[in-house]
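A short worksheet on the structure shown next.
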Number of protein chains: 2
Amino acid sequence: MDEMIPIKLAEFFKILSDQTRLKILMLLSKKECNVSEIQASIGTSQSTVSHQLRILRQANLVKYSKVGKKVFYQLYDKHVSVIINFAIEHLLEGDGKIA
Amino acid sequence: MDEMIPIKLAEFFKILSDQTRLKILMLLSKKECNVSEIQASIGTSQSTVSHQLRILRQANLVKYSKVGKKVFYQLYDKHVSVIINFAIEHLLEGDGKIA
DNA sequence: ACTAAACATGAACATATATTCATAAAAGAG
DNA sequence: CTCTTTTATGAATATATGTTCATGTTTAGT
């Protein structure tokens, strides 16, 4: 079981290692959004947003609900945003360097 | 400045998104090690360890000191191990899923 | 029924990444 | 000085990844 930890951990961090996905997660940590809103907020193509949302869905980091033509996404739970905020705090402690 | 956060954050998580690097960091969070010890502990080639150590060095996540022929690595500071442990705790709260 | 809006998906492409292999560099042993 | 140990590095390769482009699907409006 213990040997699975680095594997699972790497999978988890890999999902957080992309700007687009991070922007989506940080946006959803503030409020539920539909795809168009996400697209407008982070400023990339609709296709890219949808592709990245799929990855976030498959990792159970987000869930969605359809309302008419629109699909609203929200964080699956608070775990991710807590970890992201935690990382931000610690990153800001170091001045210029990455950590 | 604020727009740099997702970028820096993604860079940071990208470094944590590899099994080999995570194993190295988790090992170094317990004790200082030289390259041979790291290699033996995580069970991969010397070349791979050196390559990944270089990435960790460039990200300022580890520092080293030479003692004779050996090079001892340690974590640059506690930030990384805190974040990793934090992520582990939160990952373990979810049962099977990745988060 | 037709059209437009909102979203998803597949293929293609370019780029990034990790490992392996071979070799170099540094330092101690004899 | 020569040989071995320890570590680093460069090139090559295979694989993974993110975006774009084109198209499909669903739903609403008229």
Side-chain angles (χ1 to χ4, degrees), chain A residues 3 6-28 31-74 76 98, chain B residues 3 6-28 31-74 76 98:
Chain A
E3 328 83 35
I7 296 175
K8 290 295 176 188
L9 213 47
E11 287 177 12
F12 174 66
F13 284 131
K14 190 163 295 183
I15 294 182
L16 300 184
S17 70
D18 176 74
Q19 286 186 45
T20 303
R21 287 191 294 271
L22 276 178
K23 289 177 186 171
I24 294 174
L25 293 173
M26 291 170 77
L27 177 62
L28 295 181
K31 67 182 195 68
E32 188 181 37
C33 292
N34 63 41
V35 179
S36 299
E37 290 171 331
I38 296 173
Q39 177 188 354
S41 174
I42 73 178
T44 151
S45 76
Q46 178 265 321
S47 184
T48 292
V49 172
S50 272
H51 278 299
Q52 299 305 333
L53 280 172
R54 188 158 71 97
I55 293 176
L56 294 174
R57 250 163 28 217
Q58 291 172 340
N60 282 311
L61 293 187
V62 299
K63 56 187 173 183
Y64 64 96
S65 54
K66 305 184 66 170
V67 179
K69 284 182 298 187
K70 301 186 177 179
V71 179
F72 286 86
Y73 281 84
Q74 55 182 310
Y76 194 91
I98 194 178
Chain B
E3 327 84 36
I7 297 175
K8 290 295 175 188
L9 213 47
E11 287 176 12
F12 174 65
F13 284 131
K14 189 163 296 183
I15 293 181
L16 300 184
S17 70
D18 176 75
Q19 285 185 47
T20 303
R21 286 191 294 271
L22 276 177
K23 288 177 186 169
I24 294 175
L25 292 173
M26 292 169 76
L27 177 62
L28 294 183
K31 68 181 194 68
E32 188 181 39
C33 292
N34 63 39
V35 179
S36 299
E37 289 171 333
I38 297 173
Q39 177 187 356
S41 174
I42 75 180
T44 159
S45 76
Q46 179 266 321
S47 184
T48 291
V49 173
S50 272
H51 278 299
Q52 299 305 332
L53 281 173
R54 187 158 71 99
I55 294 176
L56 294 175
R57 247 163 31 214
Q58 291 172 339
N60 282 310
L61 294 185
V62 300
K63 55 187 173 183
Y64 63 96
S65 54
K66 304 187 65 170
V67 179
K69 283 182 299 188
K70 301 187 176 178
V71 179
F72 286 87
Y73 280 85
Q74 56 182 310
Y76 192 92
I98 195 182

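Below, read A as the first sequence line, B as the second, and so on, with proteins coming before strands; counting in each chain starts at 1.
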If you look at every strand shown and take non-hydrogen atoms under 4.0 Å, does A:Ser36 touch a base, only sugar-phosphate, or nothing? sugar-phosphate
How about B:Asn34 and B:Val67: do any of their side-chain heavy atoms sit closer than 4.5 Å? no
Please give, in whole Å, the distance from D:dT5 P to B:Lys70 NZ? 12 Å
With side chains defined as the heavy atoms from C-beta onward, is the minimum distance between A:Gln74 and A:Leu28 less than 4.5 Å? no
Judged by each residue's nearest nucleotide on DNA chain D, which is more toward the 5′ side, B:Val35 or A:Ser17? B:Val35
Can you check whether B:Thr44 has a side-chain N or O nearer than 4.0 Å to OP1 or OP2 of C:dT19? no
Using OP1 and OP2 only, check whether a side-chain N or O of A:Arg57 sits under 4.0 Å from C:dT9. yes
Using whole Å, what does the distance between atom C1' of nucleotide C:dC7 and atom CG of A:Leu53 come to? 10 Å
Quick one: is D:dC21 close enough that its OP1 or OP2 comes under 4.0 Å of any side-chain N or O from A:Ser45? no
Does a side-chain N or O of A:Arg54 approach OP1 or OP2 of C:dC7 to a distance below 4.0 Å, or not? no
In whole angstrom, give the distance that lies between atom CD of B:Gln39 and atom C1' of D:dT6. 10 Å
Between D:dT17 atom P and A:Ile55 atom CD1, what is the distance in whole Å? 8 Å
Looking only at non-hydrogen atoms, find the nearest pair between B:Tyr73 and B:Leu53 and report the distance. CE1-CD1, 3.6 Å
Quickly work out the B:Leu16 CG to C:dT17 P distance and round it to whole Å. 14 Å
Distance check: side-chain N/O of A:Tyr73 vs OP1/OP2 of C:dA8, anything under 4.0 Å? yes
In whole angstroms, how far is the P atom of D:dT9 from the CG atom of B:Leu56? 14 Å
Check if the side chain of B:Gln46 and the base of D:dA8 share a donor-acceptor pair of N or O atoms closer than 3.5 Å. yes
Pair A:Gln46, A:Ser50 - check side chain to side chain donor-acceptor pair (under 3.5 Å), show working. CA-CA 6 Å; A:Gln46 178 265 321; A:Ser50 272; 3.2 Å; yes
Of all the choices, C:dC7, D:dT19, C:dT19, which nucleotide is nearest to the side chain of A:Ser50 once you look at every atom? C:dC7
B:Lys66, nearest nucleotide to its side chain (from D:dT19, C:dA27, C:dA6): C:dA27
Spacing of B:Ile24 atom CD1 relative to C:dT19 atom P, expressed in whole Å: 9 Å
Strictly below 4.0 Å: does B:Lys14 bring a side-chain N or O up to OP1 or OP2 of C:dT17? yes
Is the aromatic ring centre of A:His51 closer than 5.5 Å to the centre of the six-membered base ring of C:dT9, with the two planes inclined by less than 30°? yes
Do you know which two heavy atoms are closest between B:Leu27 and B:Ile38, and how far apart they sit? CD2-CA, 3.9 Å
Is it the case that the side chain of B:Arg21 and the backbone of B:Lys14 share a donor-acceptor pair, with hydrogens and angles ignored and the cut-off at 3.5 Å? yes
Between atom CZ in A:Phe13 and atom P in C:dT17, what is the gap in whole Å? 17 Å
Checking only heavy atoms, does the side chain of A:Ser47 share a donor-acceptor pair with the base of C:dT9 at less than 3.5 Å? yes
Look at A:Gln52 and D:dT19 and indicate whether a side-chain polar atom (N or O) is within less than 4.0 Å of OP1 or OP2. yes
